[in-house]
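The next block holds one structure in the form of structure tokens; read it before the comments.
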Amino acid sequence: MHKSIQETLKTGWIVIGILAVMTVAEFIVAIAVDDKAILFALLLIAGLAKAWLIIQYFMHFGQLWEHISDAWFGMLSDDPEADGEED
Amino acid sequence: MTHEHAPRVNHRFDPLTINRLGLWLFLVSDASFFIALLSSRFFVVGTSTPEEVAQVLGLSLTILLLLSSLTAYRAEAAAEHGDVHGAKRMLLATMAMGIIFVFGVGFEWHEAFKHFPPSTAFGTVLFTLTGVHVTHVLTGVLTLGFVYFRVRNTDSIGDNQWAVEGAVKWWHFVDVAWVFIYPTLYLLK
């Protein structure tokens, strides 16, 4: 079911808000943390979380599974109608 | 043409499925290129970052690119809901932010040449990573511009829905790449 435009835009604002907070947090953490290994780990976690937010909500990664499923069962299908063979 | 020689057409492979799967495959392959470049930073200079790196500029560029992802998202949402004028406005806003980003990177390069020219280890990493990324940004601006050109005189999105979605997905990919480039170049110690 499709979301309304208001719901879609609200999702966009929430995601961008979280991304902005995480970006500022990264900046502060980079100033505050001196341990190289801990800093690397924290930045990696933050980067992966931000990337996931963009991929999941802005790039609609979830819809990909439906297409993969379509393609997979399309390849396996011996249904004449699905394959366009009518007789 | 006889019936026996008619091509088999599988209707489960609709154009949108092919387009989306094809674009995602391309994005994954391009991501591997960025992963290789990002890993080169650690081989060449480890995790150390020169103090002269323009931290505020890096943060500003990051926030600008994130904001452009929001306008790109809104452009796609507007197109999906039939608001062609909203889509055009948001496409223009995204392109404008992309162009500002390119100038920002240009300014960064101007400053970087003074402190770590390309002949230095960190300079090599910085110019390569930002150079490859800004090329992607430019192609994103061109793609969005092409889509805008297609819809600029129309009152409905019509057949251009996929064009908007594909261009916007490409733009988000460029943003995801920067999400990793920013801490790798600016924040590590």
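Proteins come first, then strands; the chains are lettered A, B, ... in the order of their sequence lines, and each starts at number 1. Please read these numbers as outputs of a predicted model, since none were measured by experiment.
In this structure, the portion of A:Q63 lying under 4.5 Å from any heavy atom of chain B is its side chain and not its backbone. In this structure, the portion of B:L27 lying under 4.5 Å from any heavy atom of chain A is its side chain and not its backbone. Looking at A:D34, the atoms closer than 4.5 Å to chain B (heavy atoms on both sides) sit in the backbone and in the side chain alike. Using a 4.5 Å cut-off between heavy atoms, A:I5 touches chain B through backbone and side chain atoms alike. Interface residue A:L19: backbone and side-chain heavy atoms are both found under 4.5 Å from chain B. Heavy atoms of A:F61 lying under 4.5 Å from chain B belong to its backbone as well as its side chain. Only the side chain of B:T47 comes within less than 4.5 Å of a heavy atom of chain A; its backbone N, CA, C and O stay farther away. Contacts of B:A72 with chain A are absent, with no heavy-atom separation under 4.5 Å from either backbone or side chain. For a residue to count as touching a neighbouring chain, one of its non-hydrogen atoms must lie under 4.5 Å from one of that chain's; by this rule A:V33 touches chain B with the backbone only. Contact of B:L59 with chain A is made through the side chain alone, with heavy-atom distances under 4.5 Å.
Within 6.0 Å of atom CZ in B:F146, 12 or fewer heavy atoms from other residues, nucleotides or ligands are found, so the atom counts as exposed in its surroundings. In this structure, B:D159 places its CG atom where only 12 or fewer heavy-atom neighbours from other residues, nucleotides or ligands lie under 6.0 Å away.
Across B:L187 and A:L39, no two heavy atoms sit closer than the pair O-CD2, 3.4 Å. The nearest pair of heavy atoms linking B:L67 to A:I16 is N-CD1, 4.2 Å. For the residue pair B:A77 and A:L9, the shortest heavy atom distance occurs at CB-CD2, 4.4 Å. Taking every heavy atom of both residues into account, A:S4 and B:H81 meet most closely at C-NE2, 3.7 Å. The two atoms that bring B:K189 and A:I31 nearest to each other are NZ-O, 3.4 Å, heavy atoms only. Contact detail for B:W24 and A:M59: the closest heavy-atom pair is CZ2-O, 3.6 Å.
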Verdict with supporting geometry, B:Y186 and A:F27, side chain to side chain contact (heavy atoms under 4.5 Å, CB included): CA-CA 9 Å; B:Y186 293 84; A:F27 187 75; over 6 Å; no

Residue pair A:L43, B:T184: steps toward the side chain to side chain contact (heavy atoms under 4.5 Å, CB included) verdict: CA-CA 9 Å; A:L43 292 177; B:T184 303; over 6 Å; no

Steps toward side chain to side chain contact (heavy atoms under 4.5 Å, CB included) verdict (B:F180, A:L48): CA-CA 8 Å; B:F180 291 103; A:L48 289 171; 3.9 Å; yes

Side chain to side chain contact (heavy atoms under 4.5 Å, CB included) between A:W13 and B:L70, intermediate numbers included: CA-CA 8 Å; A:W13 281 112; B:L70 178 66; 3.6 Å; yes

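Taken to the nearest 0.5 Å, the CD atom of B:E165 stands 6.5 Å off from the NE2 atom of A:H60. If you take NZ on A:K36 and OG1 on B:T49, they are separated by 9.0 Å, rounding to the nearest 0.5 Å. Taken to the nearest 0.5 Å, the OH atom of A:Y57 stands 14.5 Å off from the NE2 atom of B:H172. One distance of note links CG of B:L66 with CE of A:M22; it measures 10.5 Å at 0.5 Å rounding.
When the side chains of ILVMFWY residues are joined at heavy-atom separations under 4.5 Å, either directly or via intervening members, B:V134 and B:F113 end up in a single hydrophobic cluster. A continuous path of ILVMFWY side-chain contacts below 4.5 Å connects B:V132 to B:F101, so both sit in one hydrophobic cluster. A:V21 and B:V56 end up in different hydrophobic clusters when Ile, Leu, Val, Met, Phe, Trp and Tyr side chains are linked at under 4.5 Å. Under the 4.5 Å side-chain heavy-atom criterion for ILVMFWY residues, no single connected hydrophobic cluster contains both B:V168 and B:L142. One hydrophobic cluster holds both B:F42 and B:F122 under the rule that ILVMFWY side chains link at heavy-atom gaps under 4.5 Å.
Within the 3.5 Å criterion, the main-chain N or O of A:T8 finds a donor-acceptor partner in the side chain of B:Y73.
Taking A:A46, A:A51, A:A30 one by one and counting their heavy-atom pairs under 4.5 Å with chain B, the maximum is reached by A:A30.
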